[in-house]
K.L.:
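Below are the structure tokens for one structure; questions will follow.
Counting convention: from 1, in listed order, for ligands and their atoms alike.
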Amino acid sequence: MSLIVQKYGGSSVANVERIQRVARRIVKTKKAGHDVVVVVSALGDTTDDLIELAHQITKNPNEREMDMLLSTGEQVSVSLLAIAIQHLGMKAISFTGPQVGIITDRFHTKARILDVNTDRIQKALGEGQVVIVAGFQGKTVAEEITTLGRGGSDLTAVALAKSLSAKHCEIYTDVDGIFTADPRLVPDARKIDVISYDEILELAALGAKVMHSRSVEVGKKFDVPIYVRNSAHEGEGTLITKETKKMEDIVVSGVALMEDEAKVTIFDVPDKPGVASKIFARLADANINIDMIIQNKTQTKKTDISFTVFKNELGRAMPVVNKVAKSIGAGEVTCDENISKISVVGVGMRSHSGIASRMFKALARKKINIEMISTSEIKISCVIEGGKGKQAIREIHKEFGLSKK
Ligand code: ADP
Ligand code: ASP
Ligand code: MG
């Protein structure tokens with residue numbers, strides 16, 4: 001008997017009717033002869049609502065307590081789904097992440113999974129149960145509850161699929177699969193049938209929220225086939241798999257927009273060895289993630305350094321930057337939250353040239369100014385003025401002929 005891991009996102013279990021629809025789908029899979037392990041997210045916008053409650057008290061809530069709070073969301077959905085499956089006459093049991101031994105490091109609100117102990121799941125499967133596991137959560141070796149970062153239920157699902165040697169992992173969401181761009185922003189975006197781990201990894205990291213990027217990392221590392229499908233109807237969806245030669249023919253697979261970053265600039269930084277190292281070491285010590293960095297040599301002995309951080313870490317980043325700027329004798333520090341980052345991704349970029357110039361041309365046509373640029377082997381990203389993202393993504397999508405045929 002083969003084992004399948006299915007994950008249902010928040011919108012797929014937003015209310016009782018949808019939970020019942022999901023329960024019917026699970027029953028069907030089980031009756032087709034598969035063992036099923038299900039991972040669920042919190043109902044609808046529960047996680048946002050819980051964060052909002054904490055923010056009504058303080059903008060900087062304690063991260064351990066946030067994990068205590070946020071992990072409650074998934075506990076509601078797993079138990080309701082178990083009740084719905086039992087009501088259909090099938091055996092089902094729900095567990096929290098800590099109960100099934102999902103062990104993480106101790107970085108609250110963005111913990112990484114270190115180990116998964118599958119004994120309890122295997123035992124329940126052996127009893128013929130459908131096993132339902134709360135997504136997005138785990139515990140440290142010291143029994144502290146942790147969460148895996150927004151969208152982290154995908155990671156729970158892929159990690160379980162790997163640990164249980166599942167045939168594959170199915171991610172059920174509210175769109176038909178992975179598209180050439182977010183279909184909410186680009187209505188004529190096209191569904192992709194097969195995409196490589198590397199491409200969706202880049203797209204996810206660059207703002208395509210359809211998959212949690214670390215979940216794809218785990219899928220790639222352990223070669224777990226992942227299907228992304230719509231929970232509302234049948235359909236093959238998108239298969240995420242290893243890169244094939246044929247994929248290289250497609251120059252640009254997708255376009256992504258990220259609105260979660262802010263730009264920090266330190267002016268008049270002394271232009272000498274060791275300065276950048278000092279700045280970024282301080283930020284790393286504070287566990288603040290840095291994305292793009294730009295430094296330009298000027299004709300004076302000073303230089304300006306700009307970099308981007310996540311908006312939700314800006315509050316922690318600024319005091320660190322101000323302090324280090326002072327200690328190295330730099331000038332003013334500014335931050336700009338009104339930016340967007342637009343990116344194009346495709347494995348075909350390795351063998352095709354001229355992609356950047358086409359992207360810049362599309363932005364120029366819409367008179368959109370580029371503030372920062374970064375490239376890698378399979379992606380090009382531009383930071384542009386905030387508020388222009390939607391216009392930019394549509395124009396670039398059009399430029400690369402990605403729309404429905
Ligand atoms: P879930 O709650 O099921 O995890 P998410 O909201 O995390 O769902 O992810 C699904 C959403 O991702 C879609 O509704 C869509 O708006 C968005 N999305 C962003 N980029 C893409 C893309 N390239 N393809 C498909 N969906 C995308
Ligand atoms: N409920 C969590 C969130 O909204 C995890 C998830 O949905 O994957 O981020
Ligand atoms: Mg998600």
K.L.:
Hey, is Lys7 touching ligand 1 through its side chain, its backbone, both or neither, going by heavy atoms under 4.0 Å?
P.N.:
side chain
K.L.:
My understanding is that we take every heavy atom of each candidate and find the minimum distance to atom 6 (C) of ligand 2. Doing that for Ser153, Gly149, Ala42, Ala134, which one comes out nearest?
P.N.:
Ser153
K.L.:
Tell me, please: is Gly151 in heavy-atom contact with ligand 2, that is, under 4.0 Å?
P.N.:
yes
K.L.:
With rounding to the nearest 0.5 angstrom, report the CZ to CG distance, Arg112 to Leu148.
P.N.:
10.5 Å
K.L.:
Answer with side chain, backbone, both or neither: which part of Arg184 has a heavy atom less than 4.0 angstrom from an atom of ligand 1?
P.N.:
side chain
K.L.:
Heavy atoms only: which of Arg150, His212, Lys7, Glu74 lies closest to atom 4 (O) of ligand 2?
P.N.:
Arg150
K.L.:
Between the side chain of Arg190 and the main-chain N/O of Thr180, is any donor-acceptor distance below 3.5 Å?
P.N.:
no
K.L.:
At the 4.0 Å heavy-atom cut-off, does Gly152 count as touching ligand 2?
P.N.:
yes
K.L.:
Got a donor-acceptor contact below 3.5 angstrom from the Glu74 side chain to the Ser41 backbone?
P.N.:
no
K.L.:
Using a 4.0 Å heavy-atom cut-off, say whether Val175 meets ligand 1 through its side chain, its backbone, both or neither.
P.N.:
side chain
K.L.:
Given Asp182, Thr173, Thr180, which has its nearest heavy atom closest to atom 10 (C) of ligand 1?
P.N.:
Thr173
K.L.:
Near Ile178, which atoms of ligand 1 are under 4.0 Å from a heavy atom of that residue?
P.N.:
24 (N)
